[in-house]
Amino acid sequence: MRGKLIAVATLVAGTLDIAAAIGMTLLRGKSVPRMLQGIASGPFGEWPLASGWAGAATGLAVHVAIMAAMVAAFVAVTNLLPWLRGPRLLIGGVYGALLYGIMYWIVLPLRFPPAPGSGAVTLASVLTPLGIHILLVGIPIALIAMPARGGNGGK
């Protein structure tokens, strides 16, 4: 049962997150395949950037694998620490914010160091991905992967 919850939460949160990434990419007038190739270049280096749709498909697979790891970590931690099994919306929101912080302030800067003078951090550059991670990643993961409890405790 736990494996099914992880798979469903991965599919839902992963789809919502990549849909948001595609939307943001299109709003910026950028190429969706190039965005996906960029995801693949994280673990695989430069080859996905020159590999057309194969590189893009690899990026989508990398995205799903990362999301599966995020969901599995959530399930493991909430099973290990029962005090984290509080209201799912709250726990999911906090988890989404934590994932945002790890991804945008640790992982991405380490893998893709910003160029000197590449631009200041703005309110929109923080709030947009933070909101996406809270609303489209953390909360769906919590709602799907954490079983509801009796009464209002699981809402």
Side-chain angles (χ1 to χ4, degrees), residues 1-82 84-86 88-115 118 121 125-148 154:
M1 180 67 165
R2 203 173 287 163
K4 182 178 178 182
L5 290 176
I6 291 172
V8 171
T10 297
L11 178 65
V12 171
T15 299
L16 291 171
D17 186 47
I18 202 66
I22 289 169
M24 296 300 295
T25 299
L26 292 173
L27 284 173
R28 292 183 183 119
K30 304 288 183 174
S31 162
V32 171
R34 187 68 172 180
M35 178 269 296
L36 292 168
Q37 292 165 346
I39 293 171
S41 74
F44 293 114
E46 298 299 317
W47 78 261
L49 300 173
S51 298
W53 283 101
T58 303
L60 186 58
V62 167
H63 171 74
V64 172
I66 292 168
M67 190 61 64
M70 291 174 174
V71 174
F74 177 85
V75 169
V77 169
T78 57
N79 283 331
L80 189 61
L81 303 172
L84 282 177
R85 293 185 216 142
R88 294 183 297 166
L89 289 176
L90 175 63
I91 298 300
V94 170
Y95 190 60
L98 175 68
L99 293 175
Y100 160 80
I102 292 168
M103 185 62 68
Y104 280 80
W105 295 95
I106 299 172
V107 174
L108 291 176
L110 286 174
R111 174 57 182 105
F112 304 105
S118 62
V121 174
S125 74
V126 171
L127 292 182
T128 301
L130 176 61
I132 288 168
H133 276 79
I134 290 171
L135 297 173
L136 303 181
V137 178
I139 289 175
I141 289 172
L143 290 175
I144 295 166
M146 184 188 306

Quick check: closest heavy atoms across G92 and A142, and the distance to 0.1 Å?
CA-CB, 3.5 Å
Under 3.5 Å: donor-acceptor pair, side chain of T128, backbone of S125
no
Verify side chain to side chain contact (heavy atoms under 4.5 Å, CB included) between F44 and L49, making sure each step is shown before the conclusion.
CA-CA 10 Å; F44 293 114; L49 300 173; over 6 Å; no
R85 side chain to M146 main-chain N or O, any donor-acceptor pair under 3.5 Å?
no
Closest heavy-atom pair and its distance - P48, G45:
CD-O, 3.2 Å
Output the distance between atom CG (L60) and atom CD1 (I39), rounded to the nearest 0.5 Å.
8.0 Å
Exam field: side chain S51 to backbone A54, donor-acceptor pair closer than 3.5 Å
no
Can you tell me how far the CZ atom of R2 sits from the CG atom of N79, to the nearest 0.5 Å?
4.0 Å
Point-to-point distance, once rounded to the nearest 0.5 Å, from CG of D17 to CD1 of I22:
10.0 Å
Minimum side-chain heavy-atom gap I18-L36 below 4.5 Å
yes
Using a 6.0 Å cut-off, check whether atom CH2 of W47 has over 12 heavy atoms from anything other than its own residue.
yes
So, for V71 and A145, which heavy atoms are closest and what is the spacing to 0.1 Å?
CG1-CB, 4.5 Å
Would a 4.5 Å heavy-atom cut-off, applied to side chains only, mark R111 and P43 as touching?
no
F74 and L99, any side-chain heavy atoms less than 4.5 Å apart
no
Chi angles and distances behind the side chain to side chain contact (heavy atoms under 4.5 Å, CB included) call for V137, Y100:
CA-CA 9 Å; V137 178; Y100 160 80; over 6 Å; no
Any donor-acceptor N/O pair, Q37 side chain to A50 backbone, under 3.5 Å:
no
Check: V32 and T25 side chains under 4.5 Å, non-hydrogen atoms:
yes
Between H63 and G59 (side chain of the first, backbone of the second, donor and acceptor by atom type, cut-off under 3.5 Å), is there such a pair?
no
Less than 4.5 Å apart, any side-chain heavy atom of L5 and any of V75?
no
With side chain to side chain contact (heavy atoms under 4.5 Å, CB included) as the criterion, how do L143 and L89 come out once you've worked through the C-alpha distance, each side chain's angles and the decisive distance to 0.1 Å?
CA-CA 7 Å; L143 290 175; L89 289 176; 4.2 Å; yes
M103 side chain reached by M70 side chain, heavy atoms, under 4.5 Å
yes
Do I139 and R88 touch side chain to side chain, with heavy atoms closer than 4.5 Å?
no
Rounded to the nearest 0.5 angstrom, the CG-CG distance for L11 and L16 is 9.0 Å
